[in-house]
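All remarks here apply to the structure that follows.
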Amino acid sequence: MLSGLGALTAAAILTGCDSQPDTTKLAETKVDAAAKLKATKAAKVKKAAQVRANELGQIPVLMFHRIVPKPQTTDDRSPQQFKADLERLVREDYVPITAAEMVAGKIDIPAGKHPVVLTFDDSSPSQLTLNQMGEPQKDTAVAIMKEVADAHPGWKPKGTFYVTRDMFGKTVREEQAQMLLWLKDNGHEIGNHTSDHLNLRGRSHKEVEDQIGKIAAQINALSYTKPTTIALPYGNQPNKKDWAMRGKLYNHQGAFLAGYTPAPAPFSKSYDAAGIPRIKAMDKKGDCAQFCSHAWLDWLKKNPDMRYTSDGDPRTVAYPKYKAPYLRKSFTTWSLPY
Ligand SMILES: [Zn+2]
């Protein structure tokens with residue numbers, strides 16, 4: 001036990017000789033800091049209001065398949081159509097983020113811009129083929145994204161590629177690795193699309209885990225990447241939706257479906273990480289008159305209060321005050337109502 005005298009001596013030593021605590025100064029510093037914080041917040045609120053930020057608004061997650069000169073199904077786009085799709089996004093102030101960034105809530109785009117997620121399913125060679133120089137071949141999806149980005153500084157060529165064992169048509173291990181590493185090195189995301197592209201609905205837990213785990217292990221062995229998002233084949237969830245999210249060989253932060261609406265922001269109460277909707281990229285024709293990309297982009301343009309608009313600060317969730325009931329509780333500390 002420390003004696004009374006011992007405690008006193010210790011206190012005297014700790015205080016030292018020249019350190020009369022200046023309480024007035026300390027208090028002033030505290031007031032200063034609080035005032036500064038308040039001023040910073042006020043500036044952030046002002047900026048958010050100026051650009052009419054709406055970080056509880058919806059995000060279009062576009063779904064592409066093959067990019068081929070002669071589209072054969074309504075899933076295909078020609079290189080010209082694909083380029084026009086991207087140029088429209090540029091014109092309408094959309095900036096690409098990856099699916100992984102979206103589900104992590106890391107939406108780091110300039111103030112006043114809208115996020116868009118560009119997803120590519122089935123790992124077709126029309127999305128990614130490299131020439132002998134290791135450069136993307138003309139008219140592939142990655143080449144067209146780069147062309148558009150080069151012509152529009154600030155617009156990043158960022159896509160999410162949902163890979164099956166087809167691996168962009170490559171069968172040799174070294175070539176498969178080259179494809180995946182190219183994507184990784186060039187700012188794209190590699191996602192899981194199951195090994196054999198089977199419909200997971202109605203399958204056993206083991207079959208679901210095998211299908212997702214097998215390609216996860218292959219992607220990791222080839223490119224040292226653990227996908228954090230999955231696109232479900234045909235948009236179908238397994239009998240328990242959580243089976244697609246977590247398994248022995250995978251741990252996803254988001255599972256994407258195949259249709260037919262823009263997605264809720266990850267900060268919104270209506271967001272469900274295990275079932276995030278996507279929109280097929282297609283003109284307003286036939287089945288696509290209402291529920292594909294051209295129609296939805298028209299709708300988002302006409303309804304700016306429904307669309308996600310960034311305040312330019314990835315660490316806040318800014319929104320008009322009346323939207324407060326839609327904020328997910330877990331993001332309360334990030335919130336910046338105006
Ligand atoms: Zn698919």
Point to revise | Evaluation steps, salt bridge (Lys or Arg N to Asp or Glu O under 4.0 Å), between Asp242 and Arg246 | key: CA-CA 6 Å; Asp242 198 54; Arg246 267 159 289 274; 3.0 Å; yes
Exercise for review: Taking Gln127 for its side chain and His65 for its backbone only, find out whether a donor-acceptor pair lies under 3.5 Å.
Suggested key: yes
Check your understanding: Counting only heavy atoms not in Arg203, do more than 12 fall under 6.0 Å of its CZ?
Key -> yes
Exercise for review: Classify the angle between the aromatic ring planes of Phe267 and Trp334 as parallel (below 30°), tilted (30 to 60°) or perpendicular (above 60°).
Suggested key: tilted
Study note, to complete from the structure: So CG of Asn220 and CG of Leu249: to nearest 0.5 Å the spacing works out to 9.5 Å
Check your understanding: Of Leu336, Asn54, Leu56, which is the lone residue that meets side-chain contact (heavy atoms from CB on, under 4.5 Å) with Val317?
Key -> Leu56
Check your understanding: Do the non-hydrogen side-chain atoms of Glu209 and Tyr250 ever get within less than 4.5 Å of each other?
Key -> yes
Exercise for review: Determine whether more than 12 heavy atoms belonging to other residues, nucleotides or ligands lie under 6.0 Å from atom OH of Tyr326.
Suggested key: no
Point to revise | Non-hydrogen side-chain atoms of His197 and Tyr234 separated by less than 4.5 Å | key: yes
Point to revise | Side chain proximity check, Met179 to Phe161, heavy atoms < 4.5 angstrom | key: no
Exercise for review: Measure up the His193 and Tyr162 rings against each other and bin them: parallel (under 30°), tilted (30 to 60°), perpendicular (over 60°).
Suggested key: tilted
**Study point:** Heavy atoms from other residues, nucleotides or ligands near CZ of Arg88 exceed 12 (cutoff 6.0 Å)
**Key:** yes
Exercise for review: Without swapping roles, check the side chain of Asn131 against the backbone of Met133 for a donor-acceptor pair under 3.5 Å.
Suggested key: yes
Review point. Where the side chain of Glu55 meets the backbone of Ala265, is there a donor-acceptor pair that is under 3.5 Å apart?
Key: no
**Study point:** Candidates Asp76, Asp166, Asp75 - the one meeting salt bridge (Lys or Arg N to Asp or Glu O under 4.0 Å) with Arg66
**Key:** Asp76
Review point. Around Asp287, counting heavy atoms of other residues, nucleotides and ligands shown, do more than 12 lie under 6.0 Å from its CG?
Key: no
Check your understanding: Can you tell which of Lys113, Lys301, Arg307 makes a salt bridge (Lys or Arg N to Asp or Glu O under 4.0 Å) with Asp93?
Key -> Lys113
Check your understanding: Taking the side chain as C-beta and beyond, is there a heavy-atom pair between Tyr308 and Pro262 under 4.5 Å?
Key -> no
Exercise for review: State whether a side-chain donor-acceptor pair under 3.5 Å links Lys44 with Thr316.
Suggested key: no
**Study point:** More than 12 heavy atoms of other groups within 6.0 Å of Lys184 NZ
**Key:** yes
Review point. Within a strict 4.5 Å, meaning less than it, do heavy atoms of the Asn303 and Asp305 side chains meet?
Key: yes
Review point. In terms of hydrophobic clustering (I, L, V, M, F, W, Y; side-chain heavy atoms under 4.5 Å; direct or indirect links), are Leu222 and Leu130 co-clustered?
Key: yes
Practice item. Using a strict 4.0 Å threshold on nitrogen-to-oxygen distance, state whether Arg278 and Asp121 make a salt bridge. Key: yes
Point to revise | Single-linkage hydrophobic cluster, 4.5 Å side-chain cutoff, Leu118 and Ile276 together | key: no
Check your understanding: Taking atom CD1 of Ile279 and atom CZ of Phe291, what is their separation to the nearest 0.5 Å?
Key -> 11.0 Å
Practice item. For Trp155 and Tyr94, indicate whether the former's side chain and the latter's backbone hold a donor-acceptor pair under 3.5 Å. Key: yes
Point to revise | Tyr319 side chain reached by Pro337 side chain, heavy atoms, under 4.5 Å | key: yes
Review point. Which distance, rounded to the nearest 0.5 Å, do you find between the NZ of Lys285 and the SG of Cys292?
Key: 11.5 Å
Review point. Do you know the tightest heavy-atom contact between Gly312 and Ser310?
Key: N-OG, 2.8 Å
**Study point:** Intermediate values then yes/no, side-chain hydrogen bond (donor to acceptor under 3.5 Å, both in side chains), His114 and Thr309
**Key:** CA-CA 5 Å; His114 321 291; Thr309 301; 3.2 Å; yes
Review point. Does Asp283 pair with Arg77 as a salt bridge, N-O distance under 4.0 Å?
Key: yes
**Study point:** Sidechain N-carboxylate O distance under 4.0 Å for Asp313, Lys47
**Key:** no
Review point. Does a side-chain heavy-atom distance below 4.5 Å link Asp311 with Tyr338?
Key: no
Practice item. Identify whether the distance between the nearest side-chain nitrogen and carboxylate oxygen of Lys146 and Asp150 falls below 4.0 Å. Key: yes
**Study point:** Within one Ile-Leu-Val-Met-Phe-Trp-Tyr cluster: Trp182 and Ile219, side-chain cutoff 4.5 Å
**Key:** yes
Review point. Looking only at heavy atoms, which two atoms of Thr228 and Ala100 are closest? And how far apart?
Key: OG1-CB, 3.4 Å
Review point. Which distance, rounded to the nearest 0.5 Å, do you find between the CD of Gln58 and the CG of Leu300?
Key: 6.5 Å
Check your understanding: In this structure, are over 12 heavy atoms from other groups packed under 6.0 Å from Lys156 atom NZ?
Key -> no
Point to revise | Pairwise distance CD(Gln218) to OG(Ser195) - rounded to 0.5 angstrom | key: 6.5 Å
Exercise for review: Count the heavy atoms belonging to other residues, nucleotides or ligands that lie under 6.0 Å from NZ of Lys214, then report whether that count exceeds 12.
Suggested key: no
Study note, to complete from the structure: Looking only at heavy atoms, the pair that brings Thr160 and Thr229 closest together is CG2-OG1, 4.3 Å
Review point. Which pair of heavy atoms, one from Trp296 and one from Tyr260, lies closest together, and at what distance?
Key: NE1-O, 2.7 Å
**Study point:** Salt bridge present between Asp139 and Lys83 (N-O < 4.0 angstrom)
**Key:** no
Check your understanding: Can you tell me how far the CD1 atom of Ile67 sits from the OG1 atom of Thr140, to the nearest 0.5 Å?
Key -> 9.5 Å
Check your understanding: At their closest point, which heavy atom of Leu200 faces which heavy atom of Asn236, and how far apart are they?
Key -> CB-O, 4.2 Å
Point to revise | Main-chain N/O of Ala99 paired with Glu189 side-chain donor or acceptor, under 3.5 Å | key: yes
Practice item. Would you check if Met145 and His188 make a side-chain contact, meaning some heavy-atom pair closer than 4.5 Å? Key: yes
Study note, to complete from the structure: Note: Gly235 and Leu257 closest approach over all heavy atoms is O-CD2, 3.6 Å
